[in-house]
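As structure tokens, the structure follows; a few thoughts come after it.
Quick note: numbers below take in every heavy atom, side chains included, and nothing from hydrogens, waters or symmetry partners.
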Amino acid sequence: MCFIRRLAIHRSSKAQRLKQRPDRPPVHRGDSLMRASRLYAPTLKENPNDAEVVSHQLLTRAGYIRKLTAGVYDFLPLSRRVLRKIETIIREELDRAGAQELLMPLVQPAEIWQESGRWQQYGPELLRFKDRKGAEFCLGPTHEEVIVDIVRRDVRSWRDLPLNLYQIQVKFRDEVRPRAGLMRGREFIMKDAYSFDVDEAAALTTYDAMYDAYKAIFTRCGLDFRPVEADTGSIGGSRSHEFQVLAESGEDAIVSCDACDYAANVEQAELRAPALAPAAPSAPAPTVVATPQLKSIDEVSAHLGLPARALIKSLVVEADGALVMALVRGDHELNEIKLKKLLGATSVEMASEERILKSFGVPAGFLGPHALPAGAVSRVVADAALRGAVDMATGANTRDAHFTGVSLERDAQVSAYADLRLAGAGDDCPRCSGKLRAFRGIEVGHVFYLGTKYSAAMKCHIIDEQSVERPIVMGCYGIGVSRVMAAAIEQNHDAEGICWPMAIAPFQVHILTLQPNVPEVVACAEALYAACQRAGIEALYDDRELRAGAKFKDADLMGIPLRVAIGGRGVKDGVVEVKGRREAAATLVQISGAVEHLKAQIAGQLTGQLTPAERAQ
RNA sequence: CGGGGCGUAGCGCAGCCUGGUAGCGCACCAGUUUUGGGAACUGGUGGUCGGAGGUUCAAAUCCUCUCGCCCCGACCA
């Protein structure tokens with residue numbers, strides 16, 4: 001059903017019926033967004049066939065967005081309001097943190113990217129094109145080059161610093177595979193900030209201020225999130241945090257300590273080597289046991305009657321072309337990023353089945369570090385949890401056979417023990433005596449200490465207090481604004497639709513007339529709607545000529561936090577029904593006190609989410 | 001880029017294997033009856049079957065090429 005088609009145009013007999021109702025108000029032009037009869041929010045009964053994730057389905061069904069092409073979406077009026085709310089919170093907090101808003105171009109010339117070196121480094125994700133004269137350009141996936149070009153023109157002295165500039169703007173990244181609706185689009189709305197400081201100490205102070213601002217922003221958005229330590233990736237700065245919205249459907253795995261503040265992306269999470277009590281091997285030497293067709297840890301563990309932790313998982317990877325065997329305990333998983341760092345390799349991937357067969361003569365399920373075929377791998381490395389491990393079971397490098405009684409230090413040539421495994425629930429916190437818990441998260445923000453990578457490459461220098469010329473020390477800070485909207489839904493929805501946090505809902509209150517043809521009901525609704533506007537409450541008024549059921553369904557889909565249902569029965573008794581979107585039952589509220597009641601409810605749902613001005617009081 | 005799937009009315013789908021009148025539900029239009037959780041009935045409107053080529057008396061259906069979209073993987077400042 002489409003809101004606008006339903007009610008925008010009344011003709012013939014319907015128009016006559018409407019004319020017969022003298023109390024029906026004329027079409028309001030000034031507040032058309034607030035009346036469902038005028039609001040462009042086409043809702044859908046069924047899920048579109050190309051939407052898989054909840055946020056994409058609900059945003060589409062509830063009339064917030066439409067897809068134009070792969071990874072590119074239209075933001076319809078409802079979602080524009082949500083985005084505006086998120087943007088307002090971001091602006092208020094960043095302005096308070098001393099940042100200044102500006103706006104940079106989406107189209108960027110190739111020259112500055114060549115200067116920073118990224119014209120070559122950046123892959124096909126950078127959408128490049130030529131103008132009519134043949135000059136090369138790209139659509140901005142990020143704006144380090146542009147901002148550095150701006151700052152280097154006019155900033156000369158340490159006295160001009162610190163400087164922190166941000167924008168909220170559309171970005172384009174030609175993702176290999178756009179997916180999950182707004183969560184990983186090609187075109188998306190991003191807030192990106194860039195800081196400029198005189199030295200590293202000052203830059204880290206700015207970093208901390210931005211970190212705090214981010215915490216305030218996501219708290220005010222009403223989201224359950226964690227700042228986590230993140231991999232610094234190819235930029236390789238010294239400090240980086242991701243802000244992760246907790247949601248089952250999140251792409252990122254994160255762990256956080258149940259006792260202290262430690263939280264990290266599992267790619268990054270460090271692990272302390274367990275204090276293994278030194279034990280002497282009880283088996284004098286490895287023994288071959290038959291394990292026909294048994295390849296997986298589970299199968300072998302069940303067959304031998306040993307727990308998975310008594311097995312060694314032997315993984316073979318190709319590190320820059322050379323085969324390396326990496327050992328982790330049977331109940332652990334390899335972290336390829338840690339392995340890559342240990343090996344100092346530029347690429348690490350699991351070796352192909354063919355390559356393993358060629359080198360070992362047996363399939364991957366029967367590999368082990370003892371009795372390795374000569375030259376099969378260039379080296380063997382092991383996770384720190386295996387240091388001193390005795391009496392373990394491993395593959396025997398023979399088809400359909402494993403060893404038991406393998407003691408690593410005696411029976412294998414391990415060139416290094418290091419933290420190589422993936423952190424998971426139940427592991428010890430690396431900072432305190434707590435335990436780690438596992439979560440899934442959606443990365444909505446990232447703060448990054450950049451150092452001088454761009455300022456040095458692009459000669460963005462200042463003269464410091466000692467009259468020495470030096471590159472400015474930078475940081476960059478992103479928030480995926482449109483992704484915040486999607487993440488909020490991933491975290492806040494039920495079977496019926498969206499359940500917006502109050503702070504970012506498109507409206508605060510949804511007023512429904514249950515019998516739009518009963519004059520008393522309409523009069524009551526109009527009066528409440530007008531009173532809400534006077535009181536500064538953002539109300540969407542569903543004045544459409546629809547049955548109550550359809551209005552309830554649409555209201556649940558749209559997810560406005562408070563719903564006021566006005567029906568004939570209640571109006572006779574002088575009451576209306578108020579229901580929170582997440583609540584099961586409505587409460588009856590006297591019409592005379594309805595506005596005050598709504599104001600209190602709104603304030604209650606915004607508790608702890610003060611604006612900078614309110615915090616200053 | 002590898003693997004898988006899908007393009008038929010605005011939306012969701014069937015029909016394709018085995019060639020022969022393009023169909024269903026929702027939405028939309030008209031009317032009647034309804035009216036507190038996506039109303040019922042009656043009658044309507046709407047399709048170059050993603051595109052191009054081919055086979056055939058005849059192609060949504062078979063063949064070739066092509067474009068688009070979705071999912072898994074690889075990738076992701």
Side-chain angles (χ1 to χ4, degrees), chain A residues 1-6 9 11-14 17 42-53 56-57 60-61 63 66-72 113 116-118 121-126 140-145 171 173-181 183-186 190 192 194 230-237 240 242 251-252 265 267 336-337 347-350 352 443 446-450 453-454 474-478 480 496-497 512-518 521 544-557 563 565-571 576-577 579 586:
Chain A
M1 156 196 26
C2 169
F3 273 43
I4 199 162
R5 297 299 296 276
R6 273 289 191 169
I9 302 158
R11 285 200 203 94
S12 62
S13 65
K14 215 172 229 176
R17 262 186 285 153
T43 59
L44 266 23
K45 268 189 193 174
E46 290 166 297
N47 274 325
N49 87 123
D50 57 2
E52 189 80 6
V53 298
H56 187 195
Q57 291 177 339
T60 304
R61 282 189 58 205
R66 285 293 181 262
K67 185 175 77 180
L68 212 211
T69 185
V72 179
W113 285 76
S116 72
R118 289 208 291 183
Q121 284 168 27
Y122 229 100
E125 199 173 287
L126 185 63
T142 176
H143 280 69
E144 280 83 5
E145 283 79 3
K171 293 276 187 282
R173 294 181 188 175
D174 199 358
E175 291 278 347
V176 192
R177 180 156 94 81
R179 70 184 98 173
M183 302 266 279
R184 182 175 287 272
R186 293 196 292 173
M190 185 170 177
D192 47 325
Y194 305 88
D231 184 19
T232 46
S234 50
I235 280 192
S240 171
E242 290 167 352
E251 281 189 317
D252 293 329
N265 195 306
E267 291 176 352
E336 289 183 39
I337 291 175
S347 96
V348 164
E349 51 190 83
M350 297 303 292
S352 67
E443 182 190 349
H446 201 153
V447 292
F448 216 106
Y449 170 79
L450 276 180
K453 174 175 167 129
Y454 296 95
M474 292 178 62
C476 67
Y477 317 88
E496 296 301 314
L512 320 184
T513 50
L514 268 21
Q515 293 97 14
N517 52 348
V518 173
V521 169
R544 297 172 303 164
E545 302 264 343
L546 285 182
R547 297 161 70 90
K551 291 191 176 187
F552 286 138
K553 287 289 185 189
D554 272 345
D556 287 345
L557 249 190
R563 187 186 80 189
I566 302 178
R569 299 201 294 254
V571 169
V576 294
E577 287 170 25
K579 188 179 99 63

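Checked by distance alone, R173(A) brings a side-chain donor or acceptor within 3.5 Å of a matching partner on the base of A77(B).
When the C1' atom is compared between U8(B) and U48(B), the two are found 12 Å apart, to the nearest whole Å. Going from the P atom of C69(B) to that of C76(B) covers 23 Å, rounded to whole Å. C49(B) and G43(B) are spaced 29 Å apart, taking the P atom of each and rounding to whole Å. Across the C1' atoms, C62(B) and A9(B) are found 26 Å apart, a figure rounded to whole Å. Annotation: C71(B) and G37(B) have their P atoms spaced 36 Å apart (nearest Å). Nucleotides A59(B) and C41(B) place their P atoms 39 Å apart, quoted to the nearest Å. Look at the C1' atom in both G54(B) and G46(B): the space between them is 32 Å, to the nearest Å. Using C1' as the reference atom, G3(B) and G51(B) are 25 Å apart when rounded to the nearest Å.
Comparing A77(B), G36(B), G37(B) by their closest approach to the side chain of Q515(A) singles out G36(B). Distance from the side chain of N49(A) is smallest to G12(B) among G37(B), G12(B), G36(B). Looking at the side chain of R118(A), the nearest of the listed nucleotides A74(B), A77(B), G37(B) is A77(B). The nucleotide whose nearest atom lies closest to any side-chain atom of C476(A) is, among A74(B), C11(B), A77(B), A77(B).
At least one side-chain nitrogen or oxygen of R177(A) sits closer than 4.0 Å to the OP1 or OP2 atom of C71(B). Contact check, T69(A) against C69(B): a side-chain N or O comes under 4.0 Å of OP1 or OP2. For K67(A) and C70(B), the shortest distance from a side-chain N or O to OP1 or OP2 is below 4.0 Å.
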Test salt bridge (charged side-chain N to carboxylate O under 4.0 Å, His left out) applied to E144(A) and R118(A), step by step
CA-CA 10 Å; E144(A) 280 83 5; R118(A) 289 208 291 183; 2.8 Å; yes
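Applying the Watson-Crick and G-U wobble criteria (two distances, each under 3.5 Å), A52(B) pairs with U64(B).
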